[in-house]
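Below: one structure, written as structure tokens.
Values in this document were obtained by computation on a predicted structure and should not be read as measured data. Order of appearance sets the numbers: ligands from 1, and atoms from 1 within every ligand. Computed from heavy atoms alone, side chains included, the values below leave out hydrogens, waters and symmetry copies.
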Amino acid sequence: MANTLYDALFAPHRGREGPFLRLKDGRHISYDEFLRLTARLANALRASGVAVGDRVALQAKKSPEALAVYAACVAAGAVFLPLNTAYTAAEVEYFVTDAGARLLICDGGSAAALAPVATKAGATLLTLNGDGSGTLSDLAARQPDDFAPAERGPGDLAAFLYTSGTTGRSKGAMLTHDNLLSNAEALVKAWRFAGGDVLLHALPIFHTHGLFVATNTILLAGGSMIFLPGLDMDDLIAAMPKATTMMGVPTFYTRLLADPRFDRQLAVHMRLFVSGSAPLLAETHRDFEARTGKKILERYGMTETNMNTSNPYDGERRAGTVGLPLPGVELRIVDAETGKPVAPGEVGIIEVKGRNVFKGYWNMPEKTRQEFRPDGFFISGDLATQSADGYVTIVGRAKDLIIAGGYNIYPKEIELLLDEQPGVVESAVFGVPHPDLGEGVVAAVVAKPGAKLDEAGLLAAIAGSLARFKQPRKLFVVDELPRNTMGKVQKNLLRDRFKDTFAKPA
Ligand code: MCA
Ligand code: AMP
């Protein structure tokens with residue numbers, strides 16, 4: 001039976017002895033081993049009642065088994081729903097309930113907290129620990145290691161990835177087999193990935209970057225990955241001599257540059273460094289080139305669209321730009337008011353169309369309609385210019401979004417929680433420059449007359465409802481929030497007033 005993504009990414013590797021994953025402890029997992037594990041897990045999904053089209057949520061530490069759950073979902077025709085390991089039980093509850101997940105797989109350590117969530121959502125709960133053990137693995141160990149992939153066509157759903165919204169409610173972006181495959185094909189070609197490539201993989205696997213951009217590209221090319229649990233400089237530097245390529249968010253590159261062990265010699269054999277998910281400062285690009293003689297290749301994408309643009313592999317990699325539209329991606333920059341394309345060099349909103357663009361937001365037809373133009377272009381919310389020779393430069397965001405260390409944080413979600421606290425009239429959450437994470441989260445809060453608010457107390461009050469990375473690193477009590485004549489809070493003025501909050505001491 002045909003299964004678009006499985007047939008392209010996984011099936012060709014059956015029986016292959018060569019390594020797919022190279023682990024920190026020196027173990028290698030061959031392609032064949034990985035596919036047998038995938039088959040056992042796909043059988044375990046079926047044994048847990050997962051049918052074609054069902055959603056499977058996973059909140060688990062990065063491990064080969066966790067990655068194989070993704071592969072098993074593809075094989076079983078289920079919709080994979082990966083969740084950030086930092087999410088609290090309250091956050092997980094929203095995703096699992098909204099998606100109507102049939103199965104929730106979590107770390108054993110979270111099982112007690114998530115059992116009521118699973119019960120409420122009508123999902124089965126299984127565990128998967130960082131060392132590969134757990135009730136899911138126990139079930140999988142009793143299953144055969146072959147599995148006939150479910151029939152799935154290009155337009156069928158492969159994954160839901162939730163992105164937050166300006167209203168504070170997260171939206172499930174529905175990604176099809178063809179969205180993922182077409183983008184992997186474009187990237188393998190654009191970045192010249194081949195079977196001999198070894199990708200240094202220190203990203204999380206619950207987001208587009210680590211899961212699709214990195215993993216699908218390697219699977220399609222038949223290369224291997226040095227699969228590290230997270231970003232640890234000692235591990236990264238120790239592994240680099242065995243790698244050919246690396247992908248990371250800008251924090252990876254600023255941390256490498258801050259490490260004196262990272263020198264020209266260490267990078268000399270690397271054929272490609274890719275950066276994305278957040279703006280790479282032109283200064284970082286230049287410092288990296290001065291240190292290593294290599295130019296980082298910056299690209300731009302979104303959860304909803306996969307990758308849209310990339311600096312060229314062979315041509316000029318222009319610092320501060322995200323390069324040219326990828327083959328197969330139609331991109332235009334339009335005036336926010338009129339929707340008409342702007343002249344080269346003028347600022348407008350990026351809109352994209354192509355096989356890479358998602359099917360819509362789960363159960364939100366109205367929201368989906370609002371974010372697409374009648375001619376099928378998706379409105380990104382990113383502000384940019386395009387040069388006469390096609391290079392796109394992102395200059396800001398029309399959406400109220402903070403990106404810290406490559407994680408997206410929607411201020412509205414935090415403001416809603418702060419506004420509920422006793423003694424608070426209103427709040428504004430915004431991002432200011434942060435030397436390590438690019439942007440750091442800051443809150444400004446207005447107190448009710450006579451109310452005594454303190455930073456620590458307010459931050460502690462919202463901590464239980466919010467993943468740590470979303471929590472403001474600094475909170476200021478202010479007399480009032482600056483507003484324009486329309487009554488809209490002017491976050492640009494707040495960003496300016498508090499811009500030095502995380503500045504390095506001179
Ligand atoms: C960790 N912390 C953070 C972040 N990460 N705070 C704000 N923003 C973050 N990104 C906090 C933790 O809560 C903790 O707080 C403290 O920092 C140390 O945590 P630890 O886990 O040790 O941090 P780390 O290992 O240094 O992580 C930083 C990181 C990581 C390596 C930059 O966040 C990361 O891997 N980011 C990549 C995100 C990513 O893959 N994005 C792609 C999205 P405390 O100590 O106070 O408790 S996909 C996408 O955007 C699109 C589609 C695209 O174009 O790719
Ligand atoms: P996400 O919702 O996690 O998919 O994040 C997508 C957003 O990240 C985009 O809409 C951009 O605002 C931002 N982004 C991704 N790559 C880049 C980049 N290279 N430069 C600037 N912003 C980027």
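- Ligand 2 has no N or O atom lying under 3.5 Å from any N or O atom of Ser380, backbone or side chain.
- Between Asp197 and Arg192 there is no salt bridge, since no side-chain nitrogen of the basic residue lies less than 4.0 Å from a carboxylate oxygen of the acidic one.
- For Phe212 and His207, the ring centers sit 6.0 Å or farther from each other.
- Protein heavy atom at the shortest distance from atom 12 (O) of ligand 2 is Asp382 OD1, 2.6 Å.
- Of all atoms in ligand 2, numbered sequentially from 1 with element shown, those under 4.0 Å from a heavy atom of Glu298 are 18 (C), 19 (N), 20 (N).
- Contact check on Glu289 versus Arg317 returns no salt bridge, with no Lys/Arg side-chain nitrogen under 4.0 Å from an Asp/Glu carboxylate oxygen.
- Set against the non-hydrogen atoms of Ser277, the atoms of ligand 2 under 4.0 Å away are 8 (O), 13 (C), 14 (N), 15 (C), 16 (N), 17 (C), 23 (C).
- On a distance-only criterion, Thr163 and ligand 2 share no N/O pair closer than 3.5 Å.
- Ion pair Asp25/Arg27 flagged as a salt bridge, since at least one NZ, NE, NH1 or NH2 atom sits closer than 4.0 Å to an Asp/Glu carboxylate oxygen.
- A heavy-atom separation below 4.0 Å is not found between His207 and ligand 2.
- With a heavy-atom cut-off of 4.0 Å, Glu304 does not touch ligand 2 at all.
- The protein heavy atom nearest to atom 6 (C) of ligand 2 is Gly301 O, 3.6 Å.
- Close approach of ligand 2 to Asn408 (heavy-atom distance below 4.0 Å) involves ligand atoms 1 (P), 2 (O), 3 (O), 5 (O), 6 (C).
- Residue-to-ligand polar distances place Lys399 within reach of ligand 2: an N/O pair is separated by less than 3.5 Å.
- Here the two rings, on Tyr162 and Tyr361, have centers that are 6.0 Å apart or farther.
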Could you give the N/O to N/O pairs under 3.5 Å linking ligand 1 and the protein, each with its distance?
unit_1	atom_1	unit_2	atom_2	d
ligand 1	6 (N)	Arg473	NH2	3.4
ligand 1	8 (N)	Ala404	O	3.4
ligand 1	10 (N)	Ala404	O	2.8
ligand 1	26 (O)	Arg255	NH1	2.7
ligand 1	26 (O)	Arg255	NH2	3.0
ligand 1	36 (N)	Gly405	O	2.9
ligand 1	41 (N)	Gly406	O	2.9
ligand 1	46 (O)	Arg468	NE	2.9
ligand 1	46 (O)	Arg468	NH2	2.8
ligand 1	47 (O)	Arg468	NE	3.2
ligand 1	54 (O)	Arg299	NH1	2.6
ligand 1	54 (O)	Gly301	O	3.4
ligand 1	55 (O)	Ser277	OG	2.6
ligand 1	55 (O)	Arg299	NH1	3.4
ligand 1	55 (O)	Arg299	NH2	2.8

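- Atom NZ of Lys491 is surrounded by more than 12 heavy atoms from other residues, nucleotides or ligands within 6.0 Å.
- Ionic pairing of Asp131 and Lys61 is not present here: no N-O contact between side-chain nitrogen and carboxylate oxygen is shorter than 4.0 angstrom.
- At a 4.0 Å heavy-atom cut-off, ligand 2 touches Ala278 through the backbone alone.
- Looking at Leu280 against ligand 2, nothing comes within 4.0 Å, counting heavy atoms.
- Among all protein heavy atoms, the one lying closest to atom 21 (C) of ligand 2 is Pro279 N, 3.4 Å.
- For ligand 2, the atoms lying closer than 4.0 Å to a non-hydrogen atom of Thr303 are 1 (P), 2 (O), 3 (O), 4 (O).
- Checked against the 6.0 Å centroid threshold, Trp362 and Phe160 count as a close aromatic pair.
- Close contacts between ligand 2 and Met302 involve ligand atoms 4 (O), 6 (C), 9 (C), 10 (O) [criterion: under 4.0 Å to a heavy atom].
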Between Phe377 and Phe372, does the ring pair (Phe, Tyr, Trp, His ring centres under 6.0 Å) criterion hold? Intermediate values first, please. CA-CA 6 Å; Phe377 274 80; Phe372 279 91; 9.8 Å; no

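- Partner of Arg318 under the side chain to side chain donor-acceptor pair (under 3.5 Å) criterion, chosen from Asp389, Asn311, Thr393: Asp389.
- In this structure, His209 falls outside the shell of residues with a heavy atom less than 4.0 angstrom from ligand 2.
- Heavy-atom separations between Val322 and ligand 2 include at least one value shorter than 4.0 Å.
- For Thr208, there are no side chain to side chain donor-acceptor pair (under 3.5 Å) partners two or more places apart in sequence or in a different chain.
- Aromatic pair Phe288/Phe273: ring centres closer than 6.0 Å.
- Relative to the ring axis of Phe227, Lys62 places its NZ or CZ within 45° and under 6.0 Å from the centre.
- The ring of Tyr87 has its center closer than 6.0 angstrom to the ring center of Phe95.
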